[in-house]
*Asks:* 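I have a structure I would like to understand better, so I am pasting it below and will then ask my questions one at a time.
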Amino acid sequence: MGAQPLTLPRAFYDRPVLAVARDLLGALVDRRTVEGTVTLRLTEVEAYDGAADPGSHAFRGRTPRNATMFGPPGHLYVYFTYGMHWCMNAVCAPAGTAAAVLLRAGEVCGGRQLARSRRPGVRAERDLARGPARMTRALGVDRSLDGTDLVDPTAPLRIRPGRPVADDLVVVGPRTGVGGDAAAYPYRFALLGEPTVSPYRAAARRPSLPDSAHARRND
DNA sequence: CGGCCGATCCACT
DNA sequence: GTGGATCGGCCGA
């Protein structure tokens, strides 16, 4: 993993997902709609290593929801979570391997006004796309973009190379909100000192239910 | 800043 | 029926 510029579309093919994740730092995302275009620079991503990764949606095999992950690289995988949030990934590696990079945070560097209109109530500039669900909201991304070809020049959402990022600016650590056996995997990549990097949160611990909650009613 | 909490609904078991 | 690759509000330090 070096500081070589991201070259597309080859960037998503035949490379370990960790290398793709690292090189997506600093890359530019363009989201085009009739209202205009929002551009952001990626500052934080997480790798999900397909069926081998207990933290990945693909770990338990292919389902209707994660089908895009199993498809060809260079496409967008969008999923819905917590009853209200969308998150987006760049699918990489050959079809069938289901590796993807979750795009977690970015710095809005174009279409600021449009991004703000999609994120009413946000005060600080850095909070516009500071977190995966905030990012999709700022960009106007939902399920309709699942499967988008990221390297098609006419696509409504594209990823293109940004300025190369030196290794000493890359921070690696455990993924946010991932628990279980994969909790410690160092699959999270962020840019050092960037205010747009989302705060780290350990996986939510499920409170253990009192025994009475498990007791069967027998009346 | 850090911790706790509720929101909200879909995918999967 | 269960719980989530999260967020924003509210609280206390």
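Bear in mind the structure is a predicted one, so any value in this text is a computation, not a measurement. In what follows, every chain begins at residue 1, and chains take the letters A, B, ... in the order their sequences are listed.
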*Asks:* Over how many whole Å does the gap from A/N66 atom CG to B/dC10 atom C1' extend?
*Replies:*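 It works out to 14 Å between those atoms.
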*Asks:* Could you please name the option among C/dT6, B/dC10, C/dC7 that lies closest to any side-chain atom of A/R134?
*Replies:*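 Of all the options, the side chain of A/R134 is nearest to C/dC7.
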*Asks:* Just how far, in rounded Å, is P of C/dA5 from OH of A/Y185?
*Replies:*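 From A/Y185 OH to C/dA5 P: 16 Å.
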*Asks:* Determine the contact category for A/Y82: base if any of its heavy atoms lies under 4.0 Å from a base atom, sugar-phosphate if only primed atoms, P, OP1 or OP2 are that close, otherwise nothing.
*Replies:*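 Base, at least one base heavy atom under 4.0 Å.
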*Asks:* Give a yes/no answer on whether the side chain of A/H85 brings an N or O atom under 4.0 Å of OP1 or OP2 in C/dC7.
*Replies:*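 For C/dC7, OP1/OP2 do not have a side-chain N/O of A/H85 under 4.0 Å.
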*Asks:* So A/R175, base contact, sugar-phosphate only, or nothing? Heavy-atom distance under 4.0 Å.
*Replies:*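 Nothing: the residue A/R175, judged by heavy atoms under 4.0 Å, touches no strand.
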*Asks:* Take atom CE of A/M84 and atom P of C/dG9, then tell me their distance rounded to the nearest Å.
*Replies:*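 Answer to the nearest Å: 13 Å.
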*Asks:* Figure out the CH2/P separation between A/W86 and B/dT8, and round it to whole Å.
*Replies:*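 After rounding, the gap between these two atoms is 16 Å.
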*Asks:* Rounded to the nearest angstrom, tell me the gap between atom CD in A/E46 and atom C1' in C/dG4.
*Replies:*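 A/E46 atom CD is separated from C/dG4 atom C1' by 14 Å.
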*Asks:* Give, for atom CG of A/L42 and atom CG of A/L28, the distance between the pair rounded to the nearest 0.5 Å.
*Replies:*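 One gets 7.5 Å once the value is rounded to the nearest 0.5 Å.
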*Asks:* Within the pair A/R143 and B/dA11, is there a side-chain N or O less than 4.0 Å away from OP1 or OP2?
*Replies:*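 Yes, such a contact exists.
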*Asks:* Need the pair for B/dT8. Rule: Watson-Crick or G-U wobble, both distances under 3.5 Å, any strand; none if unpaired.
*Replies:*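 Matched B/dT8 with nothing under the 3.5 Å cut-off.
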*Asks:* Please check if the side chain of A/S56 supplies one atom and the backbone of A/D53 the other of a donor-acceptor pair under 3.5 Å.
*Replies:*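 It does not hold such a pair.
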*Asks:* At 4.0 Å (heavy atoms only), tell me whether A/G55 reaches a base, stays on the sugar-phosphate, or touches nothing.
*Replies:*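 Base, at least one base heavy atom under 4.0 Å.
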*Asks:* A/R60 has an atom CZ; how far is it from atom P of C/dT2, in whole Å?
*Replies:*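 Result: 17 Å.
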*Asks:* Counting the atoms with a prime plus P, OP1 and OP2 as sugar-phosphate, which does A/R201 contact under 4.0 Å by heavy atoms, base, sugar-phosphate, or nothing?
*Replies:*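 Base contact.
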*Asks:* Base, sugar-phosphate or nothing for A/M88? Non-hydrogen atoms, less than 4.0 Å.
*Replies:*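 The answer is nothing, as A/M88 stays clear of every strand by at least 4.0 Å.
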*Asks:* Please tell me if A/R104 has a side-chain N or O lying less than 4.0 Å from either OP1 or OP2 of C/dT6.
*Replies:*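 Yes, because at least one side-chain N or O of A/R104 sits under 4.0 Å from OP1 or OP2 of C/dT6.
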*Asks:* Whole Å only: how far is the CZ atom of A/F80 from the P atom of B/dA11?
*Replies:*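 Those two atoms, CZ and P, are 8 Å apart.
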*Asks:* What nucleotide among C/dC7, C/dA5, B/dC10 has an atom nearest to a side-chain atom of A/H57?
*Replies:*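 Among C/dC7, C/dA5, B/dC10, the one nearest the side chain of A/H57 is C/dA5.
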*Asks:* Please say whether the positively charged group of A/R175, taken as NZ for Lys or CZ for Arg, lies over the ring of A/Y48, i.e. under 6.0 angstrom from the six-membered ring centre and within 45 degrees of the axis.
*Replies:*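 Flagged: A/R175 positioned over aromatic ring of A/Y48.
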*Asks:* For A/D127 and C/dT6, give me the distance from atom CG to atom C1', rounded to whole Å.
*Replies:*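 Spelled out: CG on A/D127 to C1' on C/dT6 is 14 Å.
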*Asks:* Counting Watson-Crick and G-U wobble pairs only, both distances under 3.5 Å, name the nucleotide matched with C/dC11, or none.
*Replies:*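 For C/dC11, the partner nucleotide comes out as B/dG2, under the 3.5 Å rule.
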*Asks:* Would you please say whether a donor-acceptor pair under 3.5 Å links the side chains of A/T196 and A/E44?
*Replies:*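 Absent: no donor and acceptor within the cut-off.
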*Asks:* Categorize A/R119 for me: base, sugar-phosphate, or nothing, with a 4.0 angstrom heavy-atom threshold over every strand shown.
*Replies:*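 Result for A/R119 = sugar-phosphate.
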*Asks:* Apply ring pair (Phe, Tyr, Trp, His ring centres under 6.0 Å) to residues A/H85 and A/F80 and explain how you reach the verdict.
*Replies:* CA-CA 6 Å; A/H85 299 305; A/F80 183 71; 8.2 Å; no
*Asks:* Check whether the side chain of A/Y79 and the base of C/dA5 form a donor-acceptor pair under 3.5 Å.
*Replies:*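 Looking at the base of C/dA5, it does pair with a donor or acceptor on the side chain of A/Y79 (distance under 3.5 Å).
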